[in-house]
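Inspection log for the structure reproduced underneath, given as structure tokens.
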Amino acid sequence: VQLQASGGGLVQAGGSLRLSCAASGRTLSTYVMGWFRQAPGKEREFVAAIRSVLSPFYGDVAKGRFTISRDNARNTVYLQMNRLKPDDTAVYYCAAGLGDIVVVPTTYGYWGQGTLVTVSS
């Protein structure tokens with residue numbers, strides 16, 4: 001599975017961005033898909049995951065502001081981010097895996113290259 005993340009950029013605090021993660025090489029429908037982020041000098045942090053359209057799961061950083069969704073027909077996963085804050089500044093990575101514990105990076109065997117999100121104050 002090859003994953004290509006896109007949609008990052010520079011946005012003012014309070015603004016929105018939608019990240020996309022397009023997969024190739026294999027259908028995503030059987031994988032749990034996750035988004036993580038990593039800010040400079042910090043560990044990689046869980047943002048959100050989705051196993052099926054009925055089972056999104058969010059980290060504390062995302063609850064109430066971010067929405068994860070997937071389009072299996074397009075083999076793409078999205079992360080809609082609203083009310084962005086400067087603390088959301090990070091490289092955002094999408095990942096695909098088959099494990100059960102969605103909040104840990106080790107569940108995911110495939111990673112995209114990351115897309116940079118910068119939120120200015």
Side-chain angles (χ1 to χ4, degrees):
V1 178
Q2 291 80 44
L3 303 176
Q4 180 73 39
S6 62
L10 175 63
V11 63
Q12 288 188 330
S16 299
L17 283 174
R18 188 175 81 154
L19 306 184
S20 299
C21 177
S24 61
R26 191 172 295 181
T27 182
L28 290 181
S29 60
T30 58
Y31 288 82
V32 60
M33 300 300 300
W35 286 97
F36 288 76
R37 70 185 189 184
Q38 189 164 18
K42 295 187 177 181
E43 293 186 354
R44 193 161 294 192
E45 179 179 41
F46 173 74
V47 177
I50 185 165
R51 190 178 297 278
S52 73
V53 295
L54 299 178
S55 63
F57 186 78
Y58 297 97
D60 289 342
V61 298
K63 289 178 181 176
R65 298 189 299 131
F66 297 177
T67 302
I68 188 171
S69 61
R70 66 190 299 164
D71 184 340
N72 288 336
R74 296 180 181 271
N75 235 21
T76 301
V77 176
Y78 304 97
L79 184 69
Q80 177 67 43
M81 304 188 296
N82 299 326
R83 302 199 306 277
L84 284 161
K85 309 172 185 178
D87 285 349
D88 295 318
T89 295
V91 177
Y92 284 71
Y93 298 91
C94 63
L98 296 171
D100 293 328
I101 305 175
V102 301
V103 301
V104 297
T106 51
T107 288
Y108 303 87
Y110 303 97
W111 291 83
Q113 85 290 357
T115 185
L116 177 62
V117 172
T118 303
V119 184
S120 63
S121 57

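These figures come from a predicted structure and were not determined experimentally.
T67 approaches Y58 most closely through the heavy-atom pair CA-OH, 3.3 Å. E45 and V61 get closest at one heavy-atom pair: OE2-CG1, 3.2 Å. Taking every heavy atom of both residues into account, V32 and A49 meet most closely at CG2-CB, 4.4 Å.
When side chains are defined from C-beta on, I68 counts as touching V77, because their heavy atoms get closer than 4.5 Å. Counting heavy atoms from C-beta outward, D60 and F46 have side chains that stay 4.5 Å or more apart.
A distance-only check finds a donor-acceptor pair linking the side chain of N75 to the backbone of R26 [under 3.5 Å]. R83 places a side-chain N or O within 3.5 Å of a backbone atom of G64 that can act as its donor or acceptor partner.
In the hydrophobic cluster analysis, where Ile, Leu, Val, Met, Phe, Trp and Tyr join through side-chain heavy atoms closer than 4.5 angstrom, F57 is grouped apart from Y31. Under a hydrophobic-cluster definition in which Ile, Leu, Val, Met, Phe, Trp and Tyr are linked whenever side-chain heavy atoms come within less than 4.5 Å, directly or via other members, F66 and L19 are assigned to the same cluster. Residue F36 is not grouped with residue L3 when hydrophobic side chains (ILVMFWY) are merged at heavy-atom distances under 4.5 angstrom, including chains of intermediate members.
The structure places CD of Q80 at 7.0 Å from CZ of R18, a figure rounded to the nearest 0.5 Å. One distance of note links CE of M33 with CG of L28; it measures 4.5 Å at 0.5 Å rounding.
Contacts classified as side-chain hydrogen bond (donor to acceptor under 3.5 Å, both in side chains) and involving residues 85-97 (residues at least two apart or in different chains) are given here: R37-D88, R37-Y92, R65-D88.
Looking at V117, L116, L17, T118 one by one, the single match for side-chain contact (heavy atoms from CB on, under 4.5 Å) with L10 turns out to be T118. Tested against Y78 for a side-chain contact (heavy atoms from CB on, under 4.5 Å), the candidates C21, C94, S69 yield a single pass: S69.
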Report, one line per pair, each donor and acceptor closer than 3.5 Å where one atom sits in a side chain of residues 96-115; sequence neighbours left out.
| unit_1 | atom_1 | unit_2 | atom_2 | d |
| --- | --- | --- | --- | --- |
| T107 | OG1 | I101 | O | 2.4 |
| Y108 | OH | V102 | O | 2.6 |
| W111 | NE1 | Y108 | O | 3.3 |
| Q113 | OE1 | A5 | N | 3.3 |
| Q113 | NE2 | A5 | O | 2.9 |
| T115 | OG1 | G8 | N | 3.0 |

